[in-house]
Number of protein chains: 2
Amino acid sequence: MVADAHALAPFVGKLKLTSTISAKSETAILALPHTRRVVRQGNVFIAEGRGASTCCFIVSGFACRQKLLAHGSRQILNLYFRGDGVDLQSALLPWADHTVLALTDLDAAFVPVQAIRELIKDHPEVGEAMWREALLDASIQREWTVNVGRRDGRARIAHFLCELHYRQQQVGLGDSRTIELPISQEQIGDCTALTAVHVNRMLSSLRSDGVLQARRGTCSITDWDRLRMIAGFDTAYLYPPLAA
Amino acid sequence: MVADAHALAPFVGKLKLTSTISAKSETAILALPHTRRVVRQGNVFIAEGRGASTCCFIVSGFACRQKLLAHGSRQILNLYFRGDGVDLQSALLPWADHTVLALTDLDAAFVPVQAIRELIKDHPEVGEAMWREALLDASIQREWTVNVGRRDGRARIAHFLCELHYRQQQVGLGDSRTIELPISQEQIGDCTALTAVHVNRMLSSLRSDGVLQARRGTCSITDWDRLRMIAGFDTAYLYPPLAA
DNA sequence: CGACAACTTGACGGGCGTCAACCGGAGTGG
DNA sequence: CCACTCCGGTTGACGCCCGTCAAGTTGTCG
């Protein structure tokens, strides 16, 4: 993994995908006070029901939002990686409705909420970009609702992989036919509301159809058109930059 | 239905539930240029893939966001009613990732996107309140993902009803034991990712357990504690006002 | 009173969950 | 270098929740 010169640079890069960021705004973001540290795999760094005094910006590694139910089952709500600002919402809401935890070791920058609020106040352009980012996050959440609600197991996993590939391409992870997937089949199941066993069956099915190959930590797509068709994948909800 | 003196008053009321709105800001919101009109049941007023030049604020009636899949099935993503500002996101995103349609006849105010953008610019406090509103919407979306992903049919419908009741209470719809539910069982199914037949069975089950009664257009809850327990309902994700 | 939509109920089947056994690679300790 | 352990992946058997199909009932509106 490349050691980034600046821990907030990937985040700025992400914002620029959907918003215009002036040089002045960029400087202001990079000037945010922050501490950069490693979060160990399995660590919860935002806990459901509690407020947060810092926001987190991921440089490398994987994190997820999740909710646990009384019965013991869990639903993963989204995955986050390089460039993602996790829980900017902490700046505006009094507590978190969900948990955020590290799925792998994480290299991340933590910024005090107060500094974010001041940044937004002094640079409305940045506030708008962050707001837009939150709307994109919500759009992804809607698609996940559709995914678990209305697609069968096979299509569900295919769609999950398509989205992941697209989002990783945007921030320079994986390559044109590879997805970084450093999570277990059980965790894929918690993303797609399936059991680990059924995830395994569906992955086998996709594999034997020659659509993909899965190794530890990565997934190679061998037939993109097929996968997209199985998934019914359309990038519109990810708001691809018009000037691409 | 009460004829509101001002079409945007319910929206201001909704904002005040989670944000502090100064008298000056309130005046500015109410001064927004708008046209008030009735949208007929079944009308699509925001179409997937297209941009919108106006935002919609509901005074009375029910609307929903939805997505259609290639196979023909649909997922309803959220319901909207009195006080809800539908698709403020149109002000920040170039197109809609979903469709919004009227489930009943709607009394609503339409405000030009441009006017919203100017309002936000001149009154950052309002921008923040709207941003917070968007975050709350996203929180609800997460819970819907959990609902269709991890609860069985009975709990799913129970949770759907609990949320609806809570949100309606907040804006003065229904009463302490009544939910306004002017939608068909098929539409409830599209909200909960079930078929109309199964919705019917689960409602029957809840009815025969003495938890609720359902009539055309309304639903009476006869045993709230029971329903909440079946649903595993916790209001935290709806961010109840602290000063209640 | 006829038409139509929505609700209701029953029979049947399939997708996915559950349980359980086995395999395979990575790390650990002797 | 080889046992041992452990976690995750793999595969099969079986069962249930919910989808599907179909028929019948109710309610509303003309």
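Given the structure is predicted, the values throughout are model-derived calculations rather than measurements. Chain identifiers are assigned alphabetically (A, B, ...) following the order of the sequence lines, protein sequences preceding nucleic acid strands; residue numbering begins at 1 within each chain.
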Indicate whether any N or O donor in one side chain lies under 3.5 Å from an N or O acceptor in the other, for [X] and [Y].
X        : Y        : result
A:Arg154 : A:Ser205 : yes
B:Thr218 : B:Thr178 : no
A:Gln141 : B:Trp144 : no
B:Gln185 : B:Asn200 : yes

message: Just N and O in the side chain of A:Gln185: are any of them under 4.0 Å from OP1 or OP2 of D:dC7?
response: no
task: Considering just the side-chain nitrogens and oxygens of B:Arg150, establish if one lies under 4.0 Å of OP1 or OP2 belonging to C:dG17.
output: no
- prompt: Do B:Glu143 and B:Arg151 meet the salt-bridge criterion of a basic N to acidic O distance under 4.0 Å?
  reply: yes
query: Going by an N to O cut-off under 4.0 Å, is there a salt bridge joining A:Arg37 and A:Asp107?
result: no
- request: Decide whether a cation-pi geometry holds between A:Arg36 and A:Phe110; the criteria are a distance under 6.0 Å from NZ or CZ to the six-membered ring centre and an angle within 45° of the ring axis.
  value: no
Cation-aromatic face contact B:Arg142/B:Tyr237, 6.0 Å, 45 degrees: no
- request: State which residue, out of B:Asp137, B:Asp97, B:Thr99, fulfils the side-chain hydrogen bond (donor to acceptor under 3.5 Å, both in side chains) condition with B:Arg65.
  value: B:Asp137
Output the rounded distance in Å from [atom1] ([X]) to [atom2] ([N]).
X        : N      : atom1 : atom2 : value
A:Leu181 : D:dG8  : CG    : P     : 14 Å
B:Gln187 : C:dA6  : CD    : C1'   : 11 Å
A:Arg154 : C:dG14 : CZ    : P     : 18 Å

- line: Axis-to-axis angle for the helix from C:dC1-D:dG30 to C:dG30-D:dC1, ends of five pairs each, to 10°, equals 30°
message: Just to be sure I understand the geometry, which residues of residues 191-204 of chain A put a non-hydrogen atom under 4.0 Å away from DNA chain C?
response: A:Ala193, A:Leu194, A:Thr195, A:Val197, A:His198, A:Arg201
message: Could you walk me through whether B:Arg167 and B:Lys14 satisfy the side-chain contact (heavy atoms from CB on, under 4.5 Å) test, starting with their C-alpha distance in whole Å, then the side-chain angles of each, then the deciding distance to 0.1 Å, before giving a yes or no?
response: CA-CA 10 Å; B:Arg167 289 172 55 192; B:Lys14 182 95 187 300; 5.7 Å; no
task: Could you list by number each residue of residues 212-223 of chain B showing a heavy-atom separation from DNA chain D of less than 4.0 Å, or answer none if no residue does?
output: none
